[in-house]
Amino acid sequence: MPSPQFRSRCPGKGRIAGITALCASMYVAALCGAAQAQQAPSQGAEVAPEFVAATQQWLDDAVARSQAASASPLRMEVSVGALDSRLRLAPCTHVEPYIPVGLRLWGRTRLGLRCTDGGGRWNVFLPVTIKAFGPAWVLRDNVVAGTLLTASSAVEAEADWAAEPSPVVADPALWVGQTAAHSLLAGQPVRQSMVKPAQVFAAGAQVRVVATGPGFEVTSDAQAMTPGVVGQMVRLRMENGRITTGIVQDLRTVRLSM
């Protein structure tokens with residue numbers, strides 16, 4: 001019987017940007033650079049160590065190549081799990097790896113393996129864990145929902161960006177001054193889903209409206225008709241009774257563009 005090998009369908013080259021694209025490139029690099037497997041799963045037996053080692057090697061090599069071509073500071077770690085011990089797979093000459101629809105190589109995920117040439121066609125899923133360690137802002141203490149976050153709320157430390165689906169907020173300017181969207185635990189890295197803009201005034205509050213246009217700026221007073229959240233739209237009742245909307249700038253300032 002010829003030595004088993006892995007086939008891959010590699011897409012054309014393209015510019016890859018962002019963490020999500022990096023994960024996709026890891027898969028592409030792994031398949032494009034895969035060597036022949038030592039042994040495919042066999043009927044009535046557990047997966048051979050050589051088979052698992054080959055899969056581990058694909059992912060390790062893919063990570064190394066992707067990081068070499070990327071400015072990302074993330075330190076990647078890849079681990080391959082084990083197939084269900086109850087599986088009994090027919091001998092296979094060619095095994096084709098693939099990413100199941102809706103999944104990606106990021107965090108806890110799965111790699112699909114299907115036999116395309118053998119005693120029986122089969123399709124199984126191999127657990128894979130991709131960790132991506134990099135600089136993050138980690139909470140010093142537990143935080144109650146609604147608490148305003150300040151620069152002293154977190155310290156810089158290394159964290160696994162891939163541990164949760166929500167992206168890590170690495171720039172403190174994007175979370176300082178925001179509030180906790182829900183209760184947070186000490187040691188958690190600040191992520192997008194954890195924070196939301198703070199409400200700075202309630203409906204009915206008196207605010208200062210700054211209207212700007214080409215070469216001019218006009219200031220007036222108004223009453224907020226809806227709560228004010230920094231960076232979001234708010235409805236206003238001007239002194240003359242006119243209703244308008246503007247963007248909340250700070251604790252009592254709303255900016256209009258003419």
Side-chain angles (χ1 to χ4, degrees), residues 15-23 70-74 106 132 134-159 161-258:
R15 184 176 181 83
I16 299 175
I19 296 297
T20 300
L22 172 61
C23 297
S70 172
S72 170
L74 299 181
W106 185 251
W137 290 94
V138 177
L139 295 171
R140 291 176 181 269
D141 304 296
N142 295 342
V143 177
V144 177
T147 300
L148 185 70
L149 298 181
T150 67
S152 62
S153 297
V155 294
E156 195 167 16
E158 187 179 65
W161 288 35
E164 297 180 24
S166 180
V168 165
V169 184
D171 184 354
L174 299 179
W175 59 264
V176 171
Q178 303 230 342
T179 59
H182 51 82
S183 295
L184 307 175
L185 299 177
Q188 285 185 299
V190 180
R191 297 178 182 271
Q192 286 183 6
S193 62
M194 296 179 176
V195 296
K196 63 181 180 180
Q199 179 179 318
V200 292
F201 56 77
Q206 293 296 312
V207 297
R208 184 171 65 98
V209 178
V210 178
T212 58
F216 73 89
E217 181 175 289
V218 178
T219 301
S220 61
D221 293 328
Q223 182 181 45
M225 300 179 66
T226 56
V229 175
V230 174
Q232 296 187 9
M233 299 289 292
V234 62
R235 284 173 57 82
L236 304 168
R237 186 188 301 276
M238 305 300 293
E239 290 182 315
N240 61 7
R242 183 170 68 91
I243 305 299
T244 187
T245 58
I247 300 293
V248 179
Q249 186 171 347
D250 55 36
L251 291 175
R252 66 177 304 269
T253 305
V254 177
R255 185 168 294 277
L256 304 182
S257 296
M258 307 299 289

Quiz item: With a 4.5 Å limit on heavy-atom distance, are the side chains of Val169 and Gln192 in contact?
Solution: yes
Quiz item: Is the number of heavy atoms from other residues, nucleotides or ligands under 6.0 Å of Arg255 CZ greater than 12?
Solution: yes
Quiz prompt | Val248/Val200 under side-chain contact (heavy atoms from CB on, under 4.5 Å): CA gap, chis, key distance, verdict | solution = CA-CA 9 Å; Val248 179; Val200 292; 3.7 Å; yes
Exercise. Could you go through the side-chain contact (heavy atoms from CB on, under 4.5 Å) check for Val138 and Gln188 one step at a time?
Key: CA-CA 5 Å; Val138 177; Gln188 285 185 299; over 6 Å; no
Quiz item: If we only count heavy atoms from C-beta on, is the Thr212 to Leu256 side-chain gap below 4.5 Å?
Solution: no
Quiz item: Which value, rounded to the nearest 0.5 Å, describes the distance between Leu184 atom CG and Asp141 atom CG?
Solution: 11.5 Å
Quiz prompt | For the student: nearest non-hydrogen atoms of Met238 and Ala222, plus distance | solution = SD-CB, 3.7 Å
Practice problem: If a pair satisfies salt bridge (Lys or Arg N to Asp or Glu O under 4.0 Å) and one of its residues is in residues 174-194, list it, with sequence neighbours excluded. | Solution: Glu164-Arg191
Quiz item: Is there any salt bridge (Lys or Arg N to Asp or Glu O under 4.0 Å) pair reaching into residues 145-158, and which pairs are they, with sequence neighbours excluded?
Solution: Arg75-Glu158
Quiz item: Please, which pairs that meet side-chain hydrogen bond (donor to acceptor under 3.5 Å, both in side chains) have at least one residue in residues 197-211, sequence neighbours excluded?
Solution: Arg208-Thr253
Quiz item: Does the Gln232 side chain pair with the main chain of Val229, one donor and one acceptor, at a distance under 3.5 Å?
Solution: no
Quiz item: Given Gln223 and Val207, is the side-chain contact (heavy atoms from CB on, under 4.5 Å) satisfied, shown in steps?
Solution: CA-CA 6 Å; Gln223 182 181 45; Val207 297; over 6 Å; no
Practice problem: Decide side-chain contact (heavy atoms from CB on, under 4.5 Å) for Asp250 and Phe201; before the verdict, give the C-alpha distance in whole Å, the side-chain angles of both, and the deciding distance to 0.1 Å. | Solution: CA-CA 9 Å; Asp250 55 36; Phe201 56 77; over 6 Å; no
Practice problem: Please examine the side chains of Leu236 and Thr245, heavy atoms only from C-beta on, and report whether any two atoms are closer than 4.5 Å. | Solution: no
Practice problem: Kindly say whether Lys196 contributes a backbone atom to a donor-acceptor pair with the side chain of Thr179 at under 3.5 angstrom? | Solution: yes
Quiz item: Taking the side chain as C-beta and beyond, is there a heavy-atom pair between Leu139 and Val190 under 4.5 Å?
Solution: yes
